[in-house]
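Remarks on the structure that follows.
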Amino acid sequence: GNSVTQMEGPVTLSEEAFLTINCTYTATGYPSLFWYVQYPGEGLQLLLKATKADDKGSNKGFEATYRKETTSFHLEKGSVQVSDSAVYFCALRGSSNTGKLIFGQGTTLQVKP
Amino acid sequence: GAGVSQTPSNKVTEKGKYVELRCDPISGHTALYWYRQSLGQGPEFLIYFQGTGAADDSGLPNDRFFAVRPEGSVSTLKIQRTERGDSAVYLCASSRTSGDTQYFGPGTRLTVL
């Protein structure tokens, strides 16, 4: 079945450091890929998405490229801020398009001033 | 505009009791999803409604769990004979249609003593 694997956290960085959170997936067909973020005390929010191979999703300085050849969707940001501290979830929606999302286990990011 | 709302925000119950969790989706959204998030894990899909009907209930763990959406808007997740292992945050999400971005509510934290 479809699945998502994320790098384990927590990830602790200093402000302005470069961020990469790895995400790989297993799926049949052509899934859509997502990154969701959960800030402390808040609900899940969509951060970015990509719906086909080689698409790049971007938002708030974060980027991720849908790589079908490596079945990956790694999240990157060039310069993190303290306000980026949150839990990040990689997710996929299968090509059957029932809409259900399959999430990774989440990666906690802590950015220190 | 109003987002997805869930009530109650917290529910504490005793083992063996019956609970109902409510979700109010964004107005006009025809698709509604329930997920369950255990501590330190990503959300796990439970059930998906398109309109009034459950289009995919493959994630419901057993027959103690049931969900309804009688008028195609508000949904209720019902759990009978609760067990300690049911303790988790129950998330609701809605989208305009099944293939669109899902917007999540703040969740209901269920604790079974």
Side-chain angles (χ1 to χ4, degrees), chain A residues 1-11 21-27 29-52 57 59 73 75 86-109, chain B residues 2-7 9-10 21 23-26 29-51 53-61 67 69 75 88-109:
Chain A
N2 295 345
S3 66
V4 175
T5 302
Q6 290 181 236
M7 65 185 286
E8 289 196 19
V11 174
I21 300 178
N22 289 339
C23 171
T24 57
Y25 68 89
T26 301
Y30 302 93
S32 295
L33 301 173
F34 304 83
W35 278 99
Y36 277 81
V37 59
Q38 192 168 34
Y39 297 104
E42 299 185 17
L44 273 171
Q45 303 174 27
L46 178 66
L47 181 59
L48 54 83
K49 67 180 181 181
T51 58
K52 61 182 189 295
N59 186 25
F73 193 55
L75 182 68
V87 183
Y88 292 81
F89 294 93
C90 185
L92 73 80
R93 186 178 69 219
S95 55
S96 65
N97 210 29
T98 62
K100 73 180 183 185
L101 294 170
I102 295 170
F103 286 86
Q105 74 270 32
T107 302
T108 299
L109 170 66
Chain B
V4 177
S5 62
Q6 293 184 247
T7 54
S9 55
N10 279 285
L21 312 179
C23 172
D24 277 273
I26 293 171
H29 281 195
T30 62
L32 185 146
Y33 307 82
W34 285 98
Y35 296 85
R36 179 168 71 172
Q37 186 174 18
S38 299
L39 192 62
Q41 301 297 315
E44 291 180 293
F45 170 78
L46 295 176
I47 187 169
Y48 152 59
F49 287 89
Q50 180 58 49
D56 183 352
D57 64 356
S58 61
L60 294 178
R69 194 186 185 199
S75 176
V89 176
Y90 289 80
L91 298 171
C92 177
S94 71
S95 62
R96 199 164 47 86
T97 67
S98 65
D100 287 337
T101 298
Q102 293 180 32
Y103 297 89
F104 283 79
T108 294
R109 182 176 299 278

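Numbered from 1 within each chain, the chains take letters A, B, ... in sequence-line order.
- Not a single donor-acceptor pair under 3.5 Å links the side chain of B/Y33 to the backbone N or O of A/L101.
- When each of B/S38, B/G42, B/G105, B/P43 is checked for heavy-atom pairs under 4.5 Å with chain A, B/P43 comes out on top.
- At most 12 non-hydrogen atoms from other residues, nucleotides or ligands lie less than 6.0 angstrom from OH of A/Y30.
- Of the listed residues (B/V89, B/I47, B/D56), the one with the most heavy-atom contacts under 4.5 Å to chain A is B/D56.
- Proximity to chain B is limited to the side chain of A/Q38, based on heavy atoms less than 4.5 angstrom apart.
- A distance of 10.5 Å separates NZ of A/K100 from CG of B/L46, quoted to the nearest 0.5 Å.
- Using a 4.5 Å cut-off between heavy atoms, B/Q37 contacts chain A through its side chain alone, with no backbone atom that close.
- Ranked by heavy-atom pairs shorter than 4.5 Å toward chain B, the options A/K49, A/Q6, A/Q105 are led by A/Q105.
- Other residues, nucleotides and ligands contribute only 12 or fewer heavy atoms inside 6.0 Å of the CD atom of A/E8.
- With a threshold of 4.5 angstrom between heavy atoms, A/F34 does not approach chain B through any atom at all.
- Residue B/Y103 holds its OH atom at 7.5 Å from CG of A/L46, rounded to the nearest 0.5 Å.
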